[in-house]
Engineer: 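The structure follows.
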Amino acid sequence: MKNDIFESTGQFKKEYRRMVESEVGKDFEDADDYERFAALCNLVAYRARAIHVKNDNAIVAQRKKRVFYFSLEFLIGPLLENYLLNLGALETVQEALEEMGTSLERLSACEVDPGLGNGGLGRLAACFLDSMAHEGIAGYGNGMRYRYGLFRQVIKDGRQVEETDNWLAKGYPWEVRRPESAVEVTFGGEVVRHEEDGKYWFTLEGGETVKAVPYDIPVVGYGGQTVNKLRIWSAEPAQENFDLDAFNDGQYANASKFRTDVEAISTILYPNDAGEHGRILRLKQEYLFVAAGIGSIMRTFKRENTRADGTVDWDMFPELIAIHTNDTHPAMCGAELLRVLIDEEGLDYDRAWDIVTRTISYTNHTVLPEALEKWPIDVFHRLLPRIYMYIEEIDRRYREDFIAKHGDRMDLLCETAILWDGQVRMANLSIICSHSVNGVAKIHTDILEREVLNGFYQLDPEKFNNKTNGISFRRFLGNANPSYSRLITSAIGDGWLDDASELHKLSAFYKDSVFLDAMTDSKRLNKERLAAYIKKTTGVELDCDSVFDVQVKRFHAYKRQLLNIFKVMDVYNRIVNWGYTPRPTSFIFAGKAAQSYTYAKEVIRLINSVAHVVNNDPRANQIIKVAFVPNFSVSNAELIYPAAEISEQISTAGMEASGTSNMKLMANAAITLGTLDGANVEIAQLAGRDNIEIFGLTVDEVEALKSSNSYFAWDEYNRDRDRLGRVVDELIDGTFAGLSGNFNLIYDGLMHKNDADFVLKDFHSYVDAWEHLGSIYGDRRRWNAMALANTANSGFFSSDRTIREYAEDIWHV
């Protein structure tokens with residue numbers, strides 16, 4: 001790719017030295033690593049913003065449609081090396097820094113993971129921003145600027161302990177604060193009805209008004225031709241309300257209580273909502289970034305589409321604006337846009353509603369009922385009285401229309417109405433306000449249409465579509481796996497960075513012994529890199545000749561990390577009691593459990609307790625090791641994915657919407673061990689069933705067991721008391737209690753609550769599948785050919801492809 005921003009290493013060094021001097025006030029030689037890093041980010045961001053200004057001018061001149069992607073999470077990860085790659089300056093900067101006596105690796109190590117997201121939802125949003133810029137789409141992220149991330153996970157006595165993720169401690173060099181673009185947002189207050197000359201209108205009086213202040217982060221597309229932006233909002237007081245008398249009386253905390261209460265809105269991602277104060281804070285968070293984003297969009301649209309006579313061409317709004325809501329957190333976009341068009345711009349309801357439904361689209365990410373947000377009406381109405389009135393009106397009109405068309409289908413009305421049983425159902429609001437609803441993998445969309453959202457699907461099947469998720473190959477293969485990337489590029493060229501479907505050309509190398517042997521060398525480098533990181537962070541020393549078996553994702557019962565550690569417990573038991581000799585394996589786990597999710601935290605404790613026993617037992621620790629990598633993030637994920645050889649994707653069939661770690665691991669030449677769930681279905685079709693290992697119940701079999709009530713965990717336990725029964729007993733018999741106690745909660749979930757996720761049912765099928773993979777690993781060329789088939793067929797999972805489908809089918813750009 002042509003180098004777009006630096007003509008030579010000499011030019012770069014000259015500009016870089018000048019940037020260090022101006023930003024830090026020191027010569028380059030006197031600056032420390034962080035100062036050099038921040039100056040380098042500022043230099044790259046300066047060039048990127050210049051491109052963005054040109055892009056914005058072209059958008060206005062060409063009347064291009066803009067896409068605004070609303071998401072409560074954007075897990076963007078470190079940006080420096082990714083942006084240098086996208087701008088074509090990676091090699092130039094690497095070479096120049098070496099000449100200057102430092103290295104890009106050393107400076108990049110100073111970059112923190114921004115605490116703007118948690119898991120797959122946020123990482124998907126970040127990949128989508130990358131791909132929109134790559135595809136030349138005017139795409140803008142809209143989210144929250146959290147003062148602290150979700151939390152920093154540390155492990156103490158095997159337990160997850162949450163510490164403050166102070167990611168902004170040294171500032172964030174990529175962002176620019178835009179106070180001139182702040183938007184005022186009101187909570188509470190009273191809705192007052194006014195009437196004059198037969199016309200009536202409403203105003204919101206009183207309440208608490210806060211100021212949402214935007215911070216803009218550049219989003220650089222590969223090729224350097226398009227630079228978009230991610231706009232994140234921070235809550236600040238609209239007016240300073242400092243209590244000087246309280247301060248002078250020594251009540252310092254009370255003196256600034258108003259500011260503290262306001263800033264709490266953007267303090268932390270996903271505040272604990274176990275109590276009402278937490279629920280109110282979370283609802284404030286969701287409304288703030290929705291209202292601020294809509295306000296910012298309206299301001300720009302009016303500036304660019306006001307006629308000479310002062311009127312606004314509202315008919316062009318859906319032609320020039322697409323608003324996409326990522327999950328239910330931004331569900332209020334429809335009601336807020338409706339409010340602004342009517343209350344502030346004076347449009348009549350029918351015209352405003354037509355604009356709303358032609359503008360907004362919605363992605364569903366889950367089949368879990370608890371993840372489809374619902375809010376108590378009394379809480380919602382008290383906090384957002386005017387928005388609630390609009391939601392009430394949307395619901396009223398929906399019911400009237402429904403009864404006129406389907407009067408005898410009250411079962412469907414019960415399922416699809418927004419207000420029901422004292423709750424505001426946010427998924428229903430999202431669907432009714434949208435012209436498109438999509439799932440994120442074929443099997444997920446099928447389940448939405450058949451079960452979770454079947455009522456809506458019956459009423460309007462044309463509204464539903466599938467958009468299988470994707471990932472950024474430039475980051476998760478290009479940046480994360482330099483040795484494998486070089487090998488791929490040496491074989492097929494670097495076109496795959498621009499178009500991941502080019503990876504299919506690797507199919508010519510399935511029998512190429514030189515290439516397959518080079519894959520072994522590359523994987524070894526990556527395993528050594530990860531092993532060094534794990535030794536440094538956990539003290540666990542892994543054997544790089546062993547198989548690296550990896551499960552890294554958010555902890556949840558349906559993701560079945562429990563099934564994985566049961567396998568480890570069984571293998572350990574057979575080694576020490578029966579002389580079993582499996583393929584030497586390092587079992588690697590990572591992921592966070594939500595602070596209030598006790599069960600998931602117990603599974604983390606179990607994994608670490610098993611690791612404590614296994615890793616310290618000389619009868620087993622030369623064959624197997626267990627490592628839990630704390631504080632899973634984009635940064636350490638980029639070490640884990642390239643080193644993985646087995647990709648654990650073992651969720652209960654029908655529960656995982658899509659998954660994206662499966663795609664990242666597939667691209668990095670790991671072989672999937674998984675159920676036919678989420679995007680595993682497409683992986684099996686693309687790579688071929690001979691190149692992955694599928695086990696366990698299917699979706700239909702799970703549904704049949706649930707509907708017939710014919711599954712009994714005790715039957716599975718009693719059927720195999722020697723292996724499976726022993727593993728279950730070890731939860732409560734003290735075998736793994738030495739670090740921090742037994743695991744009665746997990747035992748009760750399996751044996752007294754009947755194993756809702758079918759861990760016991762799938763156990764033997766799972767362990768047999770794992771052993772089959774181990775038997776293949778000894779033939780490294782066969783293994784590498786299977787792994788290469790995964791990489792070669794992974795291009796479908798590029799987020800570039802996904803975004804092209806969104807652009808064509810949903811956003812119409």
Side-chain angles (χ1 to χ4, degrees), residues 1-9 11-16 18-19 22-23 38-69 74 76-94 96 104 111 114 126-142 172-178 180-181 214-232 296 300 303-304 320 472 474-475 478-479 494 497-499 799-800 803-804 807 813:
M1 184 185 73
K2 182 179 180 294
N3 187 326
D4 288 327
I5 61 170
F6 301 118
E7 295 176 3
S8 64
T9 57
Q11 185 208 11
F12 165 76
K13 288 191 286 187
K14 182 179 179 181
E15 290 194 31
Y16 182 38
R18 189 181 303 131
M19 182 64 73
S22 63
E23 291 293 318
L40 179 55
C41 293
N42 286 327
L43 176 58
V44 174
Y46 173 78
R47 290 299 195 95
R49 291 187 185 103
I51 299 170
H52 174 71
V53 171
K54 292 180 181 178
N55 292 158
D56 253 11
N57 291 337
I59 289 165
V60 176
Q62 299 167 19
R63 305 283 283 170
K64 286 182 68 174
K65 191 172 191 176
R66 292 182 172 100
V67 176
F68 294 90
Y69 195 85
F74 287 93
I76 56 178
L79 299 177
L80 179 57
E81 291 191 24
N82 184 245
Y83 283 1
L84 290 173
L85 174 69
N86 288 353
L87 290 165
L90 185 60
E91 292 182 3
T92 298
V93 172
Q94 285 175 327
L104 180 58
E111 188 162 12
C127 286
F128 279 4
L129 294 186
D130 174 270
S131 288
M132 280 192 268
H134 171 263
E135 295 296 315
I137 295 168
Y140 305 89
N142 189 83
Y172 187 55
W174 294 107
E175 69 181 9
V176 173
R177 186 173 188 267
R178 305 288 190 191
E180 73 282 0
S181 298
Y215 290 72
D216 290 345
I217 300 169
V219 178
V220 179
Y222 181 73
Q225 299 302 307
T226 300
V227 175
N228 293 325
K229 68 183 177 187
L230 165 60
R231 172 159 282 187
I232 50 178
S296 180
T300 301
R303 185 177 68 244
E304 296 173 358
L320 295 175
S472 170
R474 290 172 288 276
R475 174 183 282 274
N479 283 128
D494 66 358
L497 287 164
D498 185 55
D499 179 2
S799 51
D800 298 345
I803 285 300
R804 286 193 295 268
V813 298

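What you see below is based on every heavy atom in this structure, not just the backbone, and it leaves out hydrogens, waters and symmetry mates.
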Engineer: Could you go through the side-chain contact (heavy atoms from CB on, under 4.5 Å) check for V227 and K54 one step at a time?
Structural biologist: CA-CA 9 Å; V227 175; K54 292 180 181 178; over 6 Å; no
Engineer: Is there side-chain contact between R47 and L87, with at least one heavy-atom pair below 4.5 Å?
Structural biologist: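 Contact flag for R47/L87 side chains = no.
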Engineer: Using side-chain heavy atoms (C-beta onward) and a distance below 4.5 Å, is V813 in contact with K64?
Structural biologist: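 Contact flag for V813/K64 side chains = no.
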Engineer: Atom OH in Y222, atom CG in N82: separation rounded to 0.5 Å?
Structural biologist: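 So the OH of Y222 and the CG of N82 are separated by 11.0 Å.
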Engineer: Quick check for you: to the nearest 0.5 Å, what is the distance between I803 atom CD1 and S472 atom OG?
Structural biologist: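 Spacing of CD1 (I803) from OG (S472) equals 11.5 Å.
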Engineer: Hey, are D800 and R474 close enough for a salt bridge, meaning a charged N less than 4.0 Å from a carboxylate O?
Structural biologist: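 Result for this pair is yes, salt bridge flagged.
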Engineer: Compare every heavy atom of T226 with every heavy atom of G136, then report the nearest pair and how far apart it is.
Structural biologist: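 Scanning both residues completely, I find the closest heavy atoms to be CA-OG1, 3.6 Å.
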Engineer: In Å and rounded to the nearest 0.5 Å, what is the SG to CZ distance from C127 to F74?
Structural biologist: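 Those atoms lie 12.0 Å apart.
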Engineer: Do L104 and L90 make a side-chain contact, defined as non-hydrogen atoms from C-beta onward lying under 4.5 Å apart?
Structural biologist: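 Touching, per the 4.5 Å side-chain cut-off.
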Engineer: What's the separation between atom OG1 in T9 and atom CD in Q94, rounded to the nearest 0.5 Å?
Structural biologist: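 The distance works out to 13.0 Å.
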Engineer: State, to 0.1 Å, how close L80 and C41 come at their nearest heavy-atom pair, and which atoms those are.
Structural biologist: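 Minimum heavy-atom contact is CD1-SG, 4.4 Å.
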Engineer: Any Lys/Arg nitrogen of R475 or E81 sitting under 4.0 Å from an Asp/Glu carboxylate oxygen of the other?
Structural biologist: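 Judged by the 4.0 Å cut-off on N to carboxylate O distance, R475 and E81 do not form a salt bridge.
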Engineer: State, yes or no, whether a side-chain contact exists between F12 and V93 at a heavy-atom distance under 4.5 Å.
Structural biologist: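 A side-chain contact exists here, since the closest heavy-atom pair is under 4.5 Å.
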Engineer: Test your reading of the model: is there a side-chain donor-acceptor pair from D130 to the backbone of V219, 3.5 Å cut-off?
Structural biologist: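 Pair absent, no side-chain N/O of D130 close to backbone of V219.
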Engineer: Evaluate side-chain contact (heavy atoms from CB on, under 4.5 Å) for N142 paired with Y69, printing each intermediate quantity in order.
Structural biologist: CA-CA 6 Å; N142 189 83; Y69 195 85; over 6 Å; no
Engineer: Can you check whether A38's main-chain N or O pairs, donor with acceptor, with E23's side chain at less than 3.5 Å?
Structural biologist: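 No; zero donor-acceptor contacts below 3.5 Å.
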Engineer: So, for A807 and I137, which heavy atoms are closest and what is the spacing to 0.1 Å?
Structural biologist: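 Shortest heavy-atom contact: CB-CD1, 3.8 Å.
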Engineer: Could you walk me through whether V44 and W174 pass the side-chain contact (heavy atoms from CB on, under 4.5 Å) test, one step at a time?
Structural biologist: CA-CA 9 Å; V44 174; W174 294 107; 4.0 Å; yes
Engineer: Heavy atoms, side chains only, cut-off 4.5 Å: are P114 and E175 in contact?
Structural biologist: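 No. Closest side-chain heavy atoms not under 4.5 Å.
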Engineer: Can a donor-acceptor pair be found, under 3.5 Å and without considering hydrogens, that links the side chain of N228 to the backbone of A138?
Structural biologist: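 Answer holds: no.
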Engineer: Report the C-alpha separation of D216 and H52 in whole Å, then their side-chain angles, then the decisive distance to 0.1 Å, and conclude whether the side chain to side chain donor-acceptor pair (under 3.5 Å) test is met.
Structural biologist: CA-CA 11 Å; D216 290 345; H52 174 71; over 6 Å; no
Engineer: Is there a side-chain contact between P218 and K229 in this structure, where contact means two heavy atoms from C-beta onward sitting under 4.5 Å apart?
Structural biologist: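 Counting from C-beta outward, P218 and K229 never come under 4.5 Å.
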Engineer: Could you give the distance from OH (Y172) to CD1 (I232), rounded to the nearest 0.5 Å?
Structural biologist: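 So the OH of Y172 and the CD1 of I232 are separated by 7.5 Å.
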Engineer: For a 4.5 angstrom cut-off between non-hydrogen side-chain atoms, does R231 reach R178?
Structural biologist: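 Side-chain contact under 4.5 Å: yes.
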Engineer: Using only atom types and a distance under 3.5 Å, with no angle test, would you say the side chain of S22 pairs donor to acceptor with the backbone of M19?
Structural biologist: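 Present.
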Engineer: Could you state the interatomic distance from CD1 (I5) to CG (L43), rounded to the nearest 0.5 Å?
Structural biologist: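 One finds 7.0 Å between CD1 of I5 and CG of L43.
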Engineer: Decide side-chain contact (heavy atoms from CB on, under 4.5 Å) for Y140 and M132; before the verdict, give the C-alpha distance in whole Å, the side-chain angles of both, and the deciding distance to 0.1 Å.
Structural biologist: CA-CA 9 Å; Y140 305 89; M132 280 192 268; over 6 Å; no
Engineer: Is there a side-chain contact between I51 and N55, using heavy atoms and a 4.5 Å cut-off?
Structural biologist: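 Of all side-chain heavy-atom pairs linking N55 with I51, at least one is under 4.5 Å.
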Engineer: Would you call R66-E304 a salt bridge at under 4.0 Å N-O?
Structural biologist: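 A salt bridge is present here (some side-chain N lies under 4.0 Å from a carboxylate O).
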